[in-house]
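Have a look at the structure below, then the notes.
Computed over heavy atoms, backbone and side chain alike; hydrogens, waters and symmetry mates excluded. Because the structure is predicted, anything quoted here is derived from the model rather than measured. Note that the numbering runs from 1 along the sequence shown for the chain.
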Amino acid sequence: MNSSNSRKKCDKGQGLVEYALILVLVALVVIAALMILGPAIGNVFSQINNSLSALSLGEVGGVVVPPAPDCSVQQDAYNAAMADLNACLAAHDEDEAHHCDHLQVIADNASNALQACLHP
């Protein structure tokens with residue numbers, strides 16, 4: 001009975017050694033493949049990186065795309081106009097909202113100027 005148990009342990013140990021050898025063989029194949037294909041893979045990543053860098057600089061297909069316009073002045077004017085309009089509406093009842101009509105016109109003009117700047 002002891003010889004049967006020791007034989008099973010030996011068989012299990014043999015299976016583990018076989019799996020370990022297979023893993024080592026696979027690892028060696030992967031390492032060899034990476035050593036052979038490494039430069040080609042590096043070139044692909046370099047091309048992707050260069051393409052992304054060109055896009056961030058505004059170049060698309062050799063054409064330079066102009067940067068987005070700076071609309072901070074129009075944005076500030078719009079924010080100020082809306083703040084004034086909201087303050088006026090808060091100070092007057094619905095019946096007296098007509099007192100804020102001139103501020104509504106200013107806010108509309110500021111909104112139009114901002115939209116014209118953002119979407120020329």
Side-chain angles (χ1 to χ4, degrees):
M1 191 88 112
N2 285 340
S3 66
S4 167
N5 284 339
S6 67
R7 187 153 179 81
K8 286 182 183 179
K9 286 183 183 178
C10 185
D11 289 343
K12 286 183 182 178
Q14 180 183 356
L16 290 175
V17 170
E18 289 173 356
Y19 284 124
L21 289 173
I22 290 171
L23 286 175
V24 168
L25 180 63
V26 168
L28 290 174
V29 168
V30 168
I31 290 171
L34 287 177
M35 289 179 72
I36 293 169
L37 297 176
I41 294 171
N43 289 339
V44 169
F45 281 113
S46 293
Q47 289 174 351
I48 292 170
N49 187 26
N50 291 340
S51 297
L52 292 175
S53 296
L55 286 176
S56 68
L57 294 174
E59 296 178 17
V60 178
V63 177
V64 176
V65 178
D70 179 19
C71 299
S72 58
V73 172
Q74 291 83 353
Q75 183 69 52
D76 291 343
Y78 173 74
N79 290 342
M82 289 304 295
D84 291 345
L85 176 62
N86 289 331
C88 182
L89 291 173
H92 294 89
D93 294 334
E94 287 183 26
D95 297 334
E96 300 174 335
H98 65 278
H99 292 292
C100 304
D101 287 345
H102 68 286
L103 293 175
Q104 179 65 54
V105 171
I106 293 171
D108 289 342
N109 290 338
S111 175
N112 292 339
L114 178 59
Q115 290 302 315
C117 179
L118 291 173
H119 308 287

To the nearest 0.5 Å, what is the distance between [atom1] ([X]) and [atom2] ([Y])?
X: I41; Y: L34; atom1: CD1; atom2: CG; result: 6.0 Å
X: S72; Y: N79; atom1: OG; atom2: CG; result: 11.0 Å
X: L89; Y: E96; atom1: CG; atom2: CD; result: 11.5 Å
X: I106; Y: D101; atom1: CD1; atom2: CG; result: 11.5 Å

Which donor-acceptor pairs under 3.5 Å do the side chains of residues 107-120 make with protein atoms, sequence neighbours left out?
unit_1, atom_1, unit_2, atom_2, d
D108, OD1, Q104, NE2, 2.9
N109, ND2, V105, O, 3.4
N112, ND2, D108, O, 3.3

Please check this pair: side chain of D93 against backbone of D95, looking for a donor-acceptor N/O pair closer than 3.5 Å. no
Backbone of F45 reached by a side-chain donor or acceptor of N49 within 3.5 Å: no
How far apart are the closest heavy atoms of D84 and L103, and which atoms are they? O-CD1, 3.6 Å
Residues pairing under disulfide (SG to SG under 2.5 Å) where one sits in residues 17-50, two or more places apart or in two chains, turn out to be none
Remaining members of V24's ILVMFWY cluster at a side-chain heavy-atom cut-off under 4.5 Å? L28
